[in-house]
S.K.: 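So that we are looking at the same thing, I have put the structure below in structure tokens.
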Amino acid sequence: MLTLQYLQQNTEHIVERLKTRNQDYRELIDQIKQLDEERRSRQQEVNDSQAELNNLSKQIGQLFKEGRTDEANKVKEQNAKLKESVKEGQQRLHAIEEEIRSLMVQIPNVPHETVEQGKGEEDNVLVRQNGQAPDLGQDALPHWELAKKHDIIDFDLGNKITGRGFPIYKNEGARLQRAMISYFLDKAREQGYQEVQPPLMVNEDSAFATGQLPDKEGQMYQVPIDNFYLIPTAEVPVTNIYRDSIVEEKDLPLKLTAYTPCFRREAGSWGKEVRGLNRVHQFDKVEIVQIDHPERSYETLEAMTSYVESLIADMGMPYRVMRLCGGDLGFAAALTYDFEVYSSAQDKWLEVSSVSNFTSYQANRLKLRFRQEGKKKPQLAHTLNGSALALPRLLAAMLENYQEEDGIRVPEVLQKYTGFSSIKRKEEGR
RNA sequence: GGAGGAAUGGCGGAGUGGUCGAACGCGGCGGUCUUGAAAACCGUUGUCCGGUAUCCCCGGACCGGGGGUUCGAAUCCCUCUUCCUCCGCCA
């Protein structure tokens, strides 16, 4: 969430920029500012009374020690009244604080100056496009048919085991995914990212800190008996590693990478859009996360963007980079680039990565700060993350783009990891 | 899952009702000494909120979280969480 200080000092700018998200937050912000004023005066009252209370208590102790019991008891009575009012004041203060908080979490992050207003996906801005779509001819098959033909993904079996959106990868399909995971992790490590394996379930605090709660619980699978959530992305557990912590300025940036399965309920999706691997409930992803200095975070975003781009280019996939418009931008993000690969048999662009700068929005919830050289007060860090990369749609596009008459070619960079250079159906004996 | 014990500042570890934001040690920072460094010695050392106040100053809060008793709680009570020991189960 935003900080109150920022909200107080930059109201106009914030209201203006938030309009790119197609909403007017002025009223809400004014309400918060008003409440904050009330909070301050209450706080002052409570503080003063408390100071007096502390003083009197000390006096009582002193009087008892000196044996002046009567006087002590008198002060005690006086104290009792004061105590009542302090308690009342505190309760009111807490109520106000709670109200402010509940309003604060309704304000999304302020979009970066390059973010344009727009309704949704259709208004995202094309930043770059690269790579050549293969000429496949009339007989090109969509990936779900290729998957069946070569026996590498079984959607029906997944339906049986769990339900729609939980495919079972088999044979070269399974091995190709494993290869991609290793490849992406190795690449990330070369870039200086520390590899971690986080939990796949998180508690409420973690889900709140990265912005999934309070509003998006419907998108996550829940484990109610333990009050856990299955992670929708590694961003959640990985970023939360640094919740409630103060790091040294010289240690920035902190760079982490993790491979995890991701679980998304994606309620309300159906039809052609979700065919095959286009949208699934469980998928594998390698995530990169950076925690960096506020002065550098946008440069870092660009660096992460180029890195993701290089991964896609190295696999020879046609892709484009989109800058999300205000209407499509995530709640906690200030700037997001989406990466889409072209899936030629479907003639569709599939999103395989999303790289975002959350500025201090998550950090504020995380209480993630860094200590600045020469300054006493710690300052909020900036958090960034990106997929590098999400597997299923990449696999879908790969199958389609690299299909040949007698099989599917494996991108050269992956061959060292797969141990095979093409996928061919074997007649028997798997 | 059952029984018992514990949780204190960056770390270790005192403190069982007031004078405790908290002894002492380590670490960190600053200084003296030294050509430099080490050692030794001296000093300093958290976070949050508020006071028109990023540093200084003042008030308040914080001894795992929440609640309670009390004029007064790190200290007593309740509750939750986590950790340790023993037992059970287990890849």
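In this text, all values refer to a predicted model and were calculated from it rather than measured experimentally.
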S.K.: If I pick the C1' atom on B:C90 and the same atom on B:G1, what distance separates them, to the nearest angstrom?
M.R.: 12 Å
S.K.: Are a donor atom and an acceptor atom from the side chains of A:Glu287 and A:Tyr193 found within less than 3.5 Å of each other?
M.R.: no
S.K.: Using atom P in both nucleotides, what's the gap between B:G13 and B:A7 to the nearest angstrom?
M.R.: 10 Å
S.K.: Can a cation-pi geometry be assigned to A:Arg365 and A:Phe208, taking NZ or CZ under 6.0 Å from the six-membered ring centre and within 45° of the ring axis?
M.R.: yes
S.K.: Write down the distance between NZ (A:Lys367) and P (B:G65), rounded to a whole number of angstrom.
M.R.: 13 Å
S.K.: With rounding to whole Å, what would you report as the distance between B:C80 and B:G5 at their P atoms?
M.R.: 16 Å
S.K.: Are A:Arg371 and B:G46 close enough that a side-chain N or O sits under 4.0 Å from OP1 or OP2?
M.R.: no
S.K.: Could you state the atom-to-atom distance from CD of A:Glu37 to P of B:C49 in whole Å?
M.R.: 18 Å
S.K.: Once rounded to the nearest 0.5 Å, what's the spacing between atom CG of A:Asp30 and atom CG of A:Leu7?
M.R.: 9.5 Å
S.K.: Does a salt bridge link A:Lys250 with A:Glu248, judged by any charged N lying under 4.0 Å from a carboxylate O?
M.R.: no
S.K.: When you compare B:U34 with B:C48, how far apart are their P atoms, in angstrom units rounded to a whole number?
M.R.: 41 Å
S.K.: Paired stems touching RNA chain B, three or more consecutive Watson-Crick or G-U pairs with both distances under 3.5 Å?
M.R.: B:1-7 with B:81-87, B:10-12 with B:24-26, B:27-32 with B:40-45, B:46-51 with B:57-62, B:64-68 with B:76-80
S.K.: Would you mind building the protein contact string for nucleotides 53-62 of chain B? One character per nucleotide, 5' to 3', B for base within reach (heavy atoms under 4.0 Å), S for sugar-phosphate only, - for untouched.
M.R.: -BSS--BSS-
S.K.: For A:Ile60, which contact category applies under a 4.0 Å heavy-atom criterion: base, sugar-phosphate, or nothing?
M.R.: base
S.K.: Considering just the side-chain nitrogens and oxygens of A:Arg40, establish if one lies under 4.0 Å of OP1 or OP2 belonging to B:C49.
M.R.: no
S.K.: Rounding to an integer number of Å, can you tell me how far A:Asn203 CG sits from B:G64 P?
M.R.: 20 Å
S.K.: Quick check on RNA chain B: between A:Ser57 and A:His94, whose nearest nucleotide comes earlier from the 5' end?
M.R.: A:Ser57
S.K.: Just wondering, are more than 12 heavy atoms of other shown residues or ligands nearer than 6.0 Å to NZ in A:Lys19?
M.R.: yes
S.K.: Please state how far atom CZ in A:Arg243 lies from atom C1' in B:G65, giving the value in whole angstrom units.
M.R.: 13 Å
S.K.: Mind checking the P distance from B:A6 to B:U45? Whole angstroms is fine.
M.R.: 33 Å
S.K.: Is a side-chain donor-acceptor pair under 3.5 Å present for A:Gln290 with A:Thr300?
M.R.: no
S.K.: How close or far is atom P of B:G50 from atom CG of A:Leu35, stated in whole angstroms?
M.R.: 14 Å
S.K.: Nearest whole Å is fine: how far is B:A73 P from A:Leu53 CG?
M.R.: 9 Å
S.K.: Between B:G46 atom C1' and A:Asp244 atom CG, what is the distance in whole Å?
M.R.: 15 Å
S.K.: Report yes or no: does A:Asn171 contribute a side-chain atom to a donor-acceptor pair with the main-chain N or O of A:Asp151 at less than 3.5 Å?
M.R.: yes
S.K.: Between B:C80 atom C1' and A:Glu204 atom CD, what is the distance in whole Å?
M.R.: 14 Å
S.K.: B:C63 and B:G9: how far apart are their C1' atoms, nearest whole angstrom?
M.R.: 8 Å
S.K.: A cation-pi test, strictly: NZ or CZ of A:Arg296 under 6.0 Å from the centre of the six-membered ring of A:Phe370 and no more than 45 degrees from its axis. Yes or no?
M.R.: no
S.K.: Base, sugar-phosphate alone, or nothing: which one does A:Arg42 contact when heavy atoms must sit under 4.0 Å apart?
M.R.: nothing
S.K.: Please work out which of the three classes, parallel, tilted or perpendicular, describes the rings of A:Tyr361 and A:Phe331, given edges at 30° and 60°.
M.R.: perpendicular
S.K.: Can you tell me how far C1' in B:G17 sits from the matching atom in B:U70, rounded to whole Å?
M.R.: 9 Å
S.K.: Which value, in whole Å, describes the distance between the C1' atoms of nucleotides B:U16 and B:U69?
M.R.: 16 Å
S.K.: Measure up the A:Tyr221 and A:Phe263 rings against each other and bin them: parallel (under 30°), tilted (30 to 60°), perpendicular (over 60°).
M.R.: perpendicular
S.K.: Could you tell me whether A:Arg101 and A:Glu98 make a salt bridge, using a distance below 4.0 angstrom between a side-chain N and a carboxylate O?
M.R.: yes
